[in-house]
A.B. asks: 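One structure coming up, written as structure tokens, with questions to follow.
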Amino acid sequence: MPRPKPSLKARALRYLSAREHSRLEMRRKLMRQARAEARAMTLLADANGNHLDALPTPESLISEVDALLDWLQAQRYLCEERFAESRIHARSSRFGNLRIRQELQQHGLCLSPEMSADLRQSERERADDVRQRKFGGSPVTAAERARQARFLAGRGFSAEVIWQVLREIGSSGPDG
């Protein structure tokens, strides 16, 4: 006998037990699951020759998922502040403020003023660490310097921070 498929609530809790999710990200995942379940119910009803009036409508799916998300937030299983903190913690050692902000915006979130200030204070040091891990020593030629600047820009560090890091290592000599 096949095991019954887990409910949307069970799936949501399983997703959240693995890692933090934003509301937008969780909504996308749950809507995908709800639509798949609705399609399966429709196909099953058609295959059996039934025309069930109780098949879910797109509006009912949306309201069901939104109600579940509200419940998850009320129970503090889904917390956007925790999600932002975990994302910042996971990304700050490799990426700059611009990239972190952009990634949070994709999830429908923005940095709190405190988080933004903390990231801003540590950005130069983080950029120097990322550059050191990737390239080791100081750039000797202008081409190497430009390559390192492009790399840091691609990682989301601001032009001002990149300029500070490369100027600082350039003034300390070729040994770093």
A.B. asks: Mind listing the closest non-hydrogen atom pair of Ser22 and His107 along with its distance?
C.D. replies: OG-ND1, 3.0 Å

A.B. asks: Would you give the length of the straight line joining atom CG of Leu13 to atom CG of Leu78, rounded to the nearest 0.5 angstrom?
C.D. replies: 10.5 Å

A.B. asks: Under the salt bridge (Lys or Arg N to Asp or Glu O under 4.0 Å) definition, can you give me all pairs with a residue in residues 110-125, not counting sequence neighbours?
C.D. replies: Arg124-Glu168

A.B. asks: Please tabulate, one pair per line, all N/O donor-acceptor pairs under 3.5 Å involving side-chain atoms of residues 149-160, not counting sequence neighbours.
C.D. replies:
residue	atom	partner	partner atom	Å
Arg155	NH1	Arg94	O	3.0
Ser158	OG	Val161	N	3.3
Glu160	OE2	Gln164	NE2	3.4

A.B. asks: Answer yes or no for Arg131 and Phe135: cation-pi contact, defined as NZ/CZ to six-membered ring centre under 6.0 Å and angle to ring axis within 45°.
C.D. replies: no

A.B. asks: Measure the CG-CG distance between Asn97 and Leu119 for me, rounded to the nearest 0.5 Å.
C.D. replies: 5.0 Å

A.B. asks: Heavy-atom count around Arg82 CZ within 6.0 Å, excluding the residue itself: above 12?
C.D. replies: yes

A.B. asks: Under a 4.5 Å side-chain heavy-atom rule over Ile, Leu, Val, Met, Phe, Trp and Tyr, are Phe95 and Leu111 clustered together?
C.D. replies: yes

A.B. asks: Can you tell me if Arg91 uses its side chain to pair, donor with acceptor, with the backbone of Ser86 under 3.5 Å?
C.D. replies: no

A.B. asks: Given side chain to side chain donor-acceptor pair (under 3.5 Å), test Ser138 with Arg145 step by step and report yes or no.
C.D. replies: CA-CA 8 Å; Ser138 301; Arg145 184 180 202 82; over 6 Å; no

A.B. asks: Does His21 form a ring pair (Phe, Tyr, Trp, His ring centres under 6.0 Å) with Phe83? I'd like the steps, not just the answer.
C.D. replies: CA-CA 6 Å; His21 287 69; Phe83 172 79; 7.5 Å; no

A.B. asks: Backbone N or O of Arg14 within a donor-acceptor pair of the Ser17 side chain at under 3.5 Å?
C.D. replies: yes

A.B. asks: Does a side-chain heavy-atom distance below 4.5 Å link Leu109 with Gln105?
C.D. replies: no

A.B. asks: Is Arg11 salt-bridged to Glu37, cutoff N-O under 4.0 Å?
C.D. replies: yes

A.B. asks: Please name all residues satisfying side chain to side chain donor-acceptor pair (under 3.5 Å) with Gln102, sequence neighbours left out, ordered by chain then number.
C.D. replies: none

A.B. asks: Residues two or more places apart in sequence or in another chain: which of them pass side chain to side chain donor-acceptor pair (under 3.5 Å) with Ser63?
C.D. replies: none

A.B. asks: With the side chain counted from C-beta on, respond yes when Arg126 and Ser93 share a heavy-atom pair under 4.5 Å apart, and no when they do not.
C.D. replies: no

A.B. asks: Please enumerate all residues that pass salt bridge (Lys or Arg N to Asp or Glu O under 4.0 Å) together with Arg87, with sequence neighbours excluded.
C.D. replies: Glu103

A.B. asks: Which value, rounded to the nearest 0.5 Å, describes the distance between Leu8 atom CG and Tyr15 atom OH?
C.D. replies: 8.5 Å

A.B. asks: Give every residue pair that meets the salt bridge (Lys or Arg N to Asp or Glu O under 4.0 Å) criterion with at least one member in residues 66-81, sequence neighbours excluded.
C.D. replies: Arg23-Asp70, Arg27-Asp66

A.B. asks: Would you check if Leu104 and Arg101 make a side-chain contact, meaning some heavy-atom pair closer than 4.5 Å?
C.D. replies: no

